A.B. asks: 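Got a structure for you, questions after.
All figures in this text were calculated on a predicted structure; none of them were measured in a lab.
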Amino acid sequence: MKVFLTGATSGLGEALARRYAADGATLGLVARRDGELARLAATLAPATVATYACDVRDSVALAQAGADFIARFGCPDVVVANAGISRGFLTELPEDLPAMRAIFETNVYGIVHTFQPFVAAMAKRRSGALVGIASVAGFRGMPGSGAYCGSKSAAITYLESLRVEMRPRGVDVVTICPGFIETALTAKNPYRMPFLLKADDAARLVARAIERRRRFYVLPWPMALVGRVLKVLPRVIFDRVVQNRKRKPRDNRI
């Protein structure tokens, strides 16, 4: 199996890289930090690993990485657009506007930039899976998290459109919506995180969903139930329930 994965050096991405490496996959790993990529790759032997230090906001860099991977190993079987960033956001603060742009460019455009180099080759072969990591945060908007929730909602809708486009061409599109996973990002959250998953456990569930070509998968399963309730909760009740919820920190390091 050949797997191309972004956001590979931390959290869910690193756990997925280790899981696929243990299964003998050939890996193309993308992250912003060259040193961290080298560290990770050194621990994955004897798996075949190609690393690409670039930002998923850079479409040219992703296109070059994708072309290199195809030239060396052939078209991947699975492409996982996992890279994502998160922080609190307040519309009233002009200094937060760059954060909104960075979050959307990473969490939405980053998925598009990751998939684009491989779509034609997968369609020609009539096989493969394009996997986008969204979030249950995309189901409803939470106060103080408009940028993150909005980006994940956009990602979910984009992935649905792409799924319908690609299905007649033999390519599966899988939307993954995790709940809370133990990562450096969630460690900063000041609120309760029900059904918190360890990254390795989340990677196991995600890999299984990809193998089964699930169109839309929420993990863990109790969070799927919570998500269903959130979607149908009347706005008047939803507003009252979440308006006093603690808010995600506004961290300018993005």
A.B. asks: Would you check if L219 and I176 make a side-chain contact, meaning some heavy-atom pair closer than 4.5 Å?
C.D. replies: yes
A.B. asks: For residues 217-227, which residue pairs pass the side-chain hydrogen bond (donor to acceptor under 3.5 Å, both in side chains) check, not counting sequence neighbours?
C.D. replies: none
A.B. asks: Does a side-chain N-to-carboxylate-O contact under 4.0 Å join R208 and E211?
C.D. replies: no
A.B. asks: Is the shortest heavy-atom distance from the side chain of L196 to the side chain of E182 under 4.5 Å?
C.D. replies: yes
A.B. asks: Give me the atom names and distance for the closest heavy-atom approach of S135 to I156.
C.D. replies: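 Scanning both residues completely, I find the closest heavy atoms to be O-CD1, 3.7 Å.
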A.B. asks: Mind checking whether F73 and T48 have side chains closer than 4.5 Å, heavy atoms only?
C.D. replies: yes
A.B. asks: So do V136 and V226 actually touch side chain to side chain, heavy atoms under 4.5 Å?
C.D. replies: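 Side chain of V226 against side chain of V136, heavy atoms only: no contact under 4.5 Å found.
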A.B. asks: How close do N82 and T6 get, heavy atom to heavy atom, and via which atoms?
C.D. replies: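 In terms of heavy atoms, the two residues are closest at N-OG1, 2.9 Å.
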A.B. asks: With sequence neighbours left out, write down each residue that passes salt bridge (Lys or Arg N to Asp or Glu O under 4.0 Å) with R214, or none if nothing qualifies.
C.D. replies: none
A.B. asks: In plain terms, say whether R19 and E14 are close enough for a salt bridge, that is, a side-chain N and a carboxylate O under 4.0 Å apart.
C.D. replies: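 Result for this pair is no, no salt bridge flagged.
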A.B. asks: Are side-chain N/O atoms of T175 and R163 paired as donor and acceptor at under 3.5 Å?
C.D. replies: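 Judged by distance alone, the side chains do not pair up.
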A.B. asks: Any salt bridge between R18 and D200, counting N to O under 4.0 Å?
C.D. replies: no
A.B. asks: Testing the basics here: between T51 and A41, what is the closest heavy-atom pair and its distance to 0.1 Å?
C.D. replies: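 Nearest heavy atoms, T51 then A41: CG2-CB, 3.9 Å.
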A.B. asks: Minimum heavy-atom separation for C177 and F216, please, with both atom names.
C.D. replies: SG-CZ, 3.6 Å
A.B. asks: If you take all heavy atoms of A207 and L16, which pair is closest and at what distance?
C.D. replies: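 Looking at all heavy atoms of both residues, the closest pair is N-CD2, 4.3 Å.
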A.B. asks: Is S145 reaching over with its side chain to a backbone N or O of G141, donor-acceptor style, under 3.5 angstrom?
C.D. replies: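 Flag not set: sc S145 to bb G141 has no pair under 3.5 Å.
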A.B. asks: Any ring pair (Phe, Tyr, Trp, His ring centres under 6.0 Å) involving residues 128-173? Give me the pairs, sequence neighbours left out, ordered by first then second residue.
C.D. replies: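 Qualifying pairs: none.
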A.B. asks: Measuring from atom CZ of R32 to atom CG of D58, what distance do you get when rounded to the nearest 0.5 angstrom?
C.D. replies: 12.5 Å
A.B. asks: Indicate every side-chain donor-acceptor pair of residues 111-134 with a distance under 3.5 Å to a residue at least two apart or in another chain.
C.D. replies:
from	atom 1	to	atom 2	distance (Å)
H113	ND1	V56	O	2.8
H113	ND1	Y109	O	3.4
T114	OG1	G110	O	2.7
R125	NE	S127	OG	2.8
R125	NH1	C75	O	3.0
R125	NH2	P76	O	2.9
R125	NH2	S127	O	3.1
R126	NH1	P168	O	3.4
R126	NH2	P168	O	3.0

A.B. asks: Can you name the residues that form a salt bridge (Lys or Arg N to Asp or Glu O under 4.0 Å) with E165, not counting sequence neighbours?
C.D. replies: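 So E165 forms no salt bridge (Lys or Arg N to Asp or Glu O under 4.0 Å) with any residue.
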A.B. asks: List the steps, then state whether salt bridge (charged side-chain N to carboxylate O under 4.0 Å, His left out) holds for R215 with D172.
C.D. replies: CA-CA 8 Å; R215 290 181 175 90; D172 296 300; over 6 Å; no
A.B. asks: Of all the heavy-atom pairs spanning N107 and G84, show the shortest one and how long it is.
C.D. replies: OD1-CA, 3.1 Å
A.B. asks: Side chains of C54 and V30: does their closest heavy-atom pair fall under 4.5 Å?
C.D. replies: yes
A.B. asks: Within the structure provided, determine whether P178 and L197 are in side-chain contact (heavy-atom separation under 4.5 Å).
C.D. replies: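 Of all side-chain heavy-atom pairs linking L197 with P178, none is under 4.5 Å.
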A.B. asks: Which residue pairs pass the side-chain hydrogen bond (donor to acceptor under 3.5 Å, both in side chains) test with at least one member in residues 65-75, sequence neighbours excluded?
C.D. replies: Y52-D68, D68-R72
A.B. asks: Does R228 have more than 12 heavy atoms from other residues, nucleotides or ligands lying within 6.0 Å of its CZ?
C.D. replies: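 Atom CZ in R228 is not packed in, count stays at 12 or less.
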